[in-house]
Amino acid sequence: MALVEINFDGIVGPSHNYAGLSLGNLASTRNAGHVSQPRAAALQGLDKMRANLALGLAQGLFVPHPRPHHAWLGALGTSYADADPGLAANAMSASAMWAANAATVSPAPDTRDGKCHLTVANLKTMPHRSHEWPATLAQLRLAFADAVHFAVHDPVPPAFGDEGAANHMRLAPGHGEPGVEVFVYGVTGGPFPARQHVEASRAIARLHGLDPERTLFAPQSEDAIAAGAFHNDVVAVANGPVLFAHEQAFAERDALVAACQRLVPGFEFVEVPAADVPLPDAISSYLFNAQLVTPPDGQTTLVVPEEARETASVWGWLQRHLAGNGAIRRVEVVDVRQSMANGGGPACLRLRVVADPATVDPRFIADPAKLDQLAEVVARCWPEEFHNDDLQAPALIADIERARTALLEALDLTELA
Ligand code: SUG
């Protein structure tokens, strides 16, 4: 069986909007109240998936959640029509698009029972994300229903915040070989909340049956969180034996690097000094929220957002690295501006699962023809614009609900309705 890395992207939902809900996520706060473009956002996401397929990578997808989330408002004793605008915005968010926060994934070569383990994230820190997990879990249970190869877990108890793969890195000589899993957690972040709790990470490592000798827990630097790195994947990304990180990403960087050197054959640390790329540039450009991938030609490739090309310090560093024959051999640029304006770059939009694609429910696997079909549904059904003043307008809600239904029908996933 061929284990490959499959990137499952969250399709941007028809309710994509800028409500400024995520304290500590500077883009979300900056763009609060701006008019969003759900249709353009979803098409940008589909184009990114197309570009990854063109690189020869395996691509999967997750579907948007039902919005507004009527059941959540019902549990709060209200309804979408009656809720105050703050609660309504929390029930309308399309934030499930950021699939990096869907779950933590430990591939089969790392686990005691030889299955790929997935734990859905509780996302309890932010109200608009705290109600995502049941709809995410329903999709994980369908996509990875093959119990011979997968074990899907409920969220860890909400006493401890868990934000999924955005704070989890895996280092291995190759995707199909045993790896070292690194759980990055936050302690404090100046004025901002730390969203990943170490107790959640430790629970997941136990539940997944990871080898304690090959599992690392690394504190995120307080400076990084305070500067806007609300998840570790805003300042670091790993792929194969390569760890690509900003100098200020980790509180205990030397200990982490030493452990990786000891445990990962061929480990390569590519560190970007603050003197070359100051933390604010790294965060606004999302240099590290890139997809670091190994296409079939073996050339380690970094898929960055347009904003990285537009940031002089970042683009200069990348050009020097490429010219110097560094670990990253190729840089691809994608336009995900609509998602970026809410703090979600190329890496936020995807969940990596190392598996044999033949063991995954094929409805969650993408190919060019399926992406064309989805683009047609999006072009026909997704609202062109979302104005926050219209948040509770019945016509907009009807459009959003109809659009999702059309997508589920196109994918033959109506059991998720
Ligand atoms: O949780 N933004 C998301 C962005 C998540 C990015 N994910 C990773 N880094 N992996 C968040 O902060 C903004 C929603 C709003 O403001 O309307 C939001 O939820």
Side-chain angles (χ1 to χ4, degrees), residues 3-13 16 41-65 94-107 116 118-121 123 129 132 136 139-140 143-144 163-170 175 230-240 242 244 286-295 300-308 331-340 342-355 357 360 364-368 370-371 374 411:
L3 291 183
V4 297
E5 179 178 276
I6 313 168
N7 283 275
F8 287 82
D9 277 46
I11 296 173
V12 179
H16 160 64
L43 293 174
Q44 287 169 1
L46 293 171
D47 281 347
K48 172 168 96 73
M49 293 192 230
R50 242 185 229 115
N52 282 350
L53 282 174
L55 285 173
L57 301 168
Q59 182 68 51
L61 52 85
F62 294 127
V63 299
H65 293 188
S95 53
M97 72 173 83
W98 297 297
N101 304 115
T104 304
V105 184
S106 296
C116 174
L118 302 97
T119 294
V120 69
L123 291 168
R129 306 214 62 178
E132 279 177 35
T136 301
Q139 295 191 52
L140 297 180
F144 308 108
E163 303 260 331
N167 299 291
H168 175 256
M169 304 186 290
R170 178 171 189 260
H175 293 312
F230 54 97
H231 289 136
N232 171 64
D233 71 3
V234 172
V235 279
V237 59
N239 173 63
V242 179
F244 177 48
Y286 266 32
L287 166 63
F288 299 96
N289 200 265
Q291 287 183 252
L292 189 59
V293 290
T294 312
T300 298
T301 300
L302 191 70
V303 180
V304 297
E306 286 282 2
E307 287 79 351
V331 174
E332 296 282 334
V333 182
V334 290
D335 177 1
V336 288
R337 284 185 199 282
Q338 283 287 313
S339 170
M340 284 285 289
N342 246 341
C348 297
L349 285 161
R350 61 91 176 98
L351 181 69
R352 292 182 282 188
V353 180
V354 172
V360 178
F364 293 89
I365 298 290
D367 60 35
K370 192 181 283 188
L371 295 180
L374 296 180
L411 288 169

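We count residues from 1, following the sequence as given.
We find the CD-CG distance between Q44 and L349 to be 9.5 Å, quoted to the nearest 0.5 Å.
The shortest distance between side-chain heavy atoms of Q291 and K48 falls below 4.5 Å. Put simply, the side chain of D233 does not reach to within 4.5 Å of the side chain of F288, judged on heavy atoms. In this structure, E132 and N101 have side chains that are not in contact, with every pair of non-hydrogen atoms separated by 4.5 Å or more. Residues M169 and V237 form no side-chain contact, since every pair of their non-hydrogen atoms from C-beta on lies 4.5 Å or further apart. Contact check for P305 versus N289: no side-chain heavy atoms found under the 4.5 Å cut-off. Contact check for M49 versus I11: side-chain heavy atoms found under the 4.5 Å cut-off. The shortest distance between side-chain heavy atoms of L302 and L287 falls below 4.5 Å.
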Check the pair C116 / V354 against side-chain contact (heavy atoms from CB on, under 4.5 Å), numbers first and verdict last. CA-CA 8 Å; C116 174; V354 172; over 6 Å; no

Evaluate side-chain contact (heavy atoms from CB on, under 4.5 Å) for R352 paired with I6, printing each intermediate quantity in order. CA-CA 6 Å; R352 292 182 282 188; I6 313 168; over 6 Å; no

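In this structure H231 satisfies the ring pair (Phe, Tyr, Trp, His ring centres under 6.0 Å) test with no other residue, sequence neighbours excluded. By the side-chain hydrogen bond (donor to acceptor under 3.5 Å, both in side chains) test, T119 is found to be paired with H208, residues two or more places apart in sequence or in another chain being considered. The side-chain hydrogen bond (donor to acceptor under 3.5 Å, both in side chains) search around R50 returns D47, D372, not counting sequence neighbours. Under the side-chain contact (heavy atoms from CB on, under 4.5 Å) criterion, D367 pairs with A369, K370, not counting sequence neighbours. E332 is linked by a side-chain contact (heavy atoms from CB on, under 4.5 Å) to L55, T301, V303, R330, counting only residues two or more places apart in sequence or in another chain.
T294 and N239 share a side-chain donor-acceptor pair at under 3.5 Å.
Checked by atom type and distance alone, the side chain of Y286 never pairs as donor or acceptor with a backbone atom of E306 at under 3.5 Å. Looking at R170, its side chain does come within 3.5 Å of a backbone N or O of H175 through a donor-acceptor pair.
A pairwise comparison of heavy atoms in Q338 and A41 identifies CB-CB, 3.3 Å as the closest pair. The minimum heavy-atom distance linking W98 with R129 is given by the pair O-NH2, 3.6 Å. Here the shortest heavy-atom pairing between S339 and M97 reads OG-SD, 4.2 Å. Pairing each heavy atom of A121 with each of G164, the nearest pair is CB-N, 3.6 Å. Contact record, V334 with A51: CG1-CB, 4.5 Å, taken as the closest heavy-atom pair. The two residues A99 and G10 come nearest to each other via the heavy atoms CB-N, 3.8 Å.
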Would you tabulate the side-chain donor-acceptor contacts of residues 58-65 under 3.5 Å, counting partners in other chains and residues two or more places apart, or write 'none'?
{"unit_1": "Q59", "atom_1": "NE2", "unit_2": "N7", "atom_2": "O", "d": "2.6"}
{"unit_1": "Q59", "atom_1": "NE2", "unit_2": "D9", "atom_2": "OD1", "d": "2.9"}
{"unit_1": "H65", "atom_1": "NE2", "unit_2": "T136", "atom_2": "OG1", "d": "3.3"}

